[in-house]
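In this text the structure is predicted, and so the values were computed from the model without any measurement. Note that the numbering runs from 1 along the sequence shown for the chain. Remember, it's 1-based here, ligands and their atoms both numbered in the order they're listed.
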Amino acid sequence: MKTTTQLFAFSMIVLMMIACSTTPKQEADAEPVIENDERMAWWREAKFGLFIHWGVYAVPAGKYGENTNHGEWIMHRAQIPSAEYKQYASQFNPIKYDPAAWVNVAKEAGMRYIVITSKHHDGFSLYPSAVTDWDVVDATPYGKDLLGPLVKEAHKAGLKMGFYYSQAQDWNHPGGAKSRYEEGDGWDEAHKGDFDNYLENIALPQAKEILSNYPLDILWWDTPTWMNEERTRPFVKALDVRPEIITNNRLGIDGDTKTPEQFVPVTGHEGDWETCMTMNGHWGYNAYDDNWKSSEELIHKLIEICSKGGNFLLNVGPTAEGEFPQPCIERLQDMGAWLKVNGEAIYGTTAGPFNYLSWGAATRNGDLLYLHVTEWPENGKLRVPLTSKAVSAELLVKPGETLHMSTESSRIIIDLPSDAPDPVASVIVLKLAEEPVAMPLASEGKVITASSENPDFPASYAVDGTGHHIWEAADSTGESYLEFDFGEPTLIHAVGLDEPDRWPRYKQIIRLEAKTENGWKELFSAKTNGHGAVRKFDPIETTGVRLYVERDEGPPGIAEWQVYAPE
Ligand code: GLC
């Protein structure tokens, strides 16, 4: 029987033999394993990026026939045959394109990374691709790579660079996916064909081209139509050449980041997530759409997203000549001006402890809580629903001038100067004495029931703190409701709800009612478009509330529902 020393010596020999078994070539070939946190660090610090939707669809600029409401989906929505659509490329000649100027607008806006469409669903590549002539070099009078110069300028200015790539949908290469069509089908004989053929001969080679020809930091896939886990594998393998690269969750399998589109999840998201949003109603350039969000609204969106721990990817659709629309430039300048003063309260921050504040939102960085006040209290008293202790409070713009603080049940009251330093959002820095604990939500731990529920999607899923699981009614007949029983009279003044993050988007009518001694009283009703809702109403004391939900197609569903008490 071997003694312990002999056993120990023996195992050491075995280990050394294994260690020596990997040849130096194997070690060299093996991709360095980069810790996820290390890889995501710059992205989590950055918080704010520029999305650019650009391509030949900028030529029609939203118009086809009488309809002027198109964007980058014009070919699909207007069912334009491939041959006709390709003619737009002969007019795509962005002679005013100045990548350094684009990068400078982004940098001055306080953005830390850029993601541009290298190929959108129309299959047109803004870079020279060896596997097609449907690209900027072969199909346009411009004839040169549009992306290489932008990548260079971005990195020169210290910004990270990503490419959006439509791996599945491609409406011009035969076999490319077309959403809302059966596999292999389409609206033009010219683009019908075998999807796996398309993936093998167009999408995968192009993914490899952009990954090896450009020092990318992000790869932003989109709409995994007809994709399945097996079809994603070669794309995942192709990423090996860029071990640091960050990808999203739209390849057909999960990636590093979740991508809520055009909305801010009321409860945020677990892990890394990024809300992408348009400045008007279109991603691609639309010359007829001047429904621009205001600079104030965009700054508030940035704050709201960061207060829930997300990143903000804000979109610009340049013209066919290669310019950013002036309204975009003005809004980005305003955001940059605000961030020059308040950037500390955004960059590198994490989610604050509050799901809802009627006067603003809060971001956090370690023991500092940044209170972003968008509604300056008339009485100069800011009510912070924090049950934990704080050391001091001061205006970010007046460091060292401490503000008077007092406490009241489950709240810290901060005395503010009569005028807000910034009309859009003024930041107060609250130094924490301990881990921040928010005052409980009015609905926290309260009994929830539903008038109807699918056993797989019970009412309890609407209050589990994440939008991941959802409540769904048993069937699609008419209206269903969720009900909170508070058990005692409770003062409330707002609700927040997430809808299932699914496609096609839920279109629902929601109505909130509160129990009073004279029966149920309607507090508000609204239409949704799958982006959830946050609604404030006059404070009311009640023992229970009902959320009625009616959906246009299919059983109503709610991902998360919260009721808030006044601060
Ligand atoms: C939507 C649009 C698509 C756009 C994407 C960006 O899916 O349909 O065109 O590229 O959003 O997130």
Side-chain angles (χ1 to χ4, degrees), residues 48-62 64 67 69-80 85 88 113-126 147 162-172 176-181 203 206-207 210 218-227 246-252 254-265 269 272-286 289 291 293 298 301 305 310-318 328 499-507 529-531:
F48 189 31
L50 176 65
F51 211 174
I52 300 175
H53 276 70
W54 199 28
V56 294
Y57 43 78
V59 171
Y64 189 79
N67 184 333
N69 186 26
H70 292 296
E72 71 289 350
W73 277 64
I74 188 168
M75 183 181 175
H76 188 297
R77 298 267 154 78
Q79 307 273 283
I80 305 175
Y85 183 83
Y88 287 132
Y113 59 104
I114 298 176
V115 177
I116 185 165
T117 50
S118 63
K119 186 196 86 165
H120 202 267
H121 305 331
D122 64 355
F124 175 78
S125 310
L126 277 74
L147 301 186
F163 282 179
Y164 164 113
Y165 181 77
S166 176
Q167 77 284 0
Q169 288 212 74
D170 189 317
W171 307 325
N172 275 297
K178 294 110 190 141
S179 84
R180 298 191 210 112
Y181 281 80
Q206 288 192 324
I210 57 178
I218 297 173
L219 188 39
W220 217 95
W221 309 107
D222 196 16
T223 62
T225 315
W226 305 349
M227 290 296 280
I246 292 174
T247 64
N248 67 3
N249 63 345
R250 297 191 182 192
L251 173 62
D254 258 350
D256 298 307
T257 62
K258 294 189 183 67
T259 53
E261 183 175 298
Q262 301 282 38
F263 77 103
V264 184
H269 255 307
D272 297 300
W273 60 278
E274 172 192 69
T275 282
C276 55
M277 193 172 281
T278 54
M279 281 200 209
N280 60 6
H282 294 88
W283 299 94
Y285 177 62
N286 179 306
D289 176 356
N291 168 25
K293 297 176 177 77
L298 294 169
K301 283 284 178 223
I305 291 165
N311 277 30
F312 190 20
L313 189 64
L314 183 57
N315 184 73
V316 167
C328 296
E499 290 174 288
D501 192 3
R502 293 186 180 169
W503 294 92
R505 285 291 184 227
Y506 280 47
K507 296 212 176 334
N529 49 14
H531 297 162

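At a 3.5 angstrom cut-off on N or O pairs, Glu261 counts as close to ligand 1. Taking any N or O of Glu72, backbone or side chain, at least one lies under 3.5 Å from an N or O belonging to ligand 1.
A side chain to side chain donor-acceptor pair (under 3.5 Å) with Thr223 is found for exactly one of Gln169, Gln167, Arg250, namely Gln169.
Selection from Met277, His53, Glu274 by nearest heavy atom to atom 4 (C) of ligand 1 gives His53.
Annotation for ligand 1: atoms under 4.0 Å from non-hydrogen atoms of Asp222 are 3 (C), 4 (C), 5 (C), 7 (O), 10 (O). In the vicinity of Trp220, heavy-atom distances shorter than 4.0 Å reach the ligand 1 atoms 12 (O). Of all atoms in ligand 1, listed by their number and element, those nearer than 4.0 Å to a heavy atom of Cys276 are 12 (O). The contact set between ligand 1 and Tyr164, taken as ligand atoms under 4.0 Å from a residue heavy atom, comprises 10 (O).
Side-chain contact between Asp170 and Lys119 is present, with heavy atoms from C-beta onward closer than 4.5 Å.
Classification of Arg505 and Asp501 as a salt-bridged pair holds, one side-chain N sitting under 4.0 Å from a carboxylate O.
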Derivation of the side-chain hydrogen bond (donor to acceptor under 3.5 Å, both in side chains) call for Asp122 and Tyr57: CA-CA 8 Å; Asp122 64 355; Tyr57 43 78; over 6 Å; no

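Checking side-chain atoms of Glu261 against main-chain N and O of Cys276 turns up no donor-acceptor pair under 3.5 Å. With hydrogens and angles disregarded, a donor-acceptor distance shorter than 3.5 Å links the side chain of Thr117 to the backbone of Trp54.
Contact between His282 and ligand 1 is absent, with no heavy atom of the residue lying under 4.0 Å from the ligand. The shortest heavy-atom distance from Tyr57 to ligand 1 is not under 4.0 Å.
Using a 3.5 Å distance cut-off with no hydrogens or angles, the side chains of His282 and Asn69 do pair a donor with an acceptor.
Among protein heavy atoms, atom 8 (O) of ligand 1 sits closest to Trp73 NE1, 2.9 Å.
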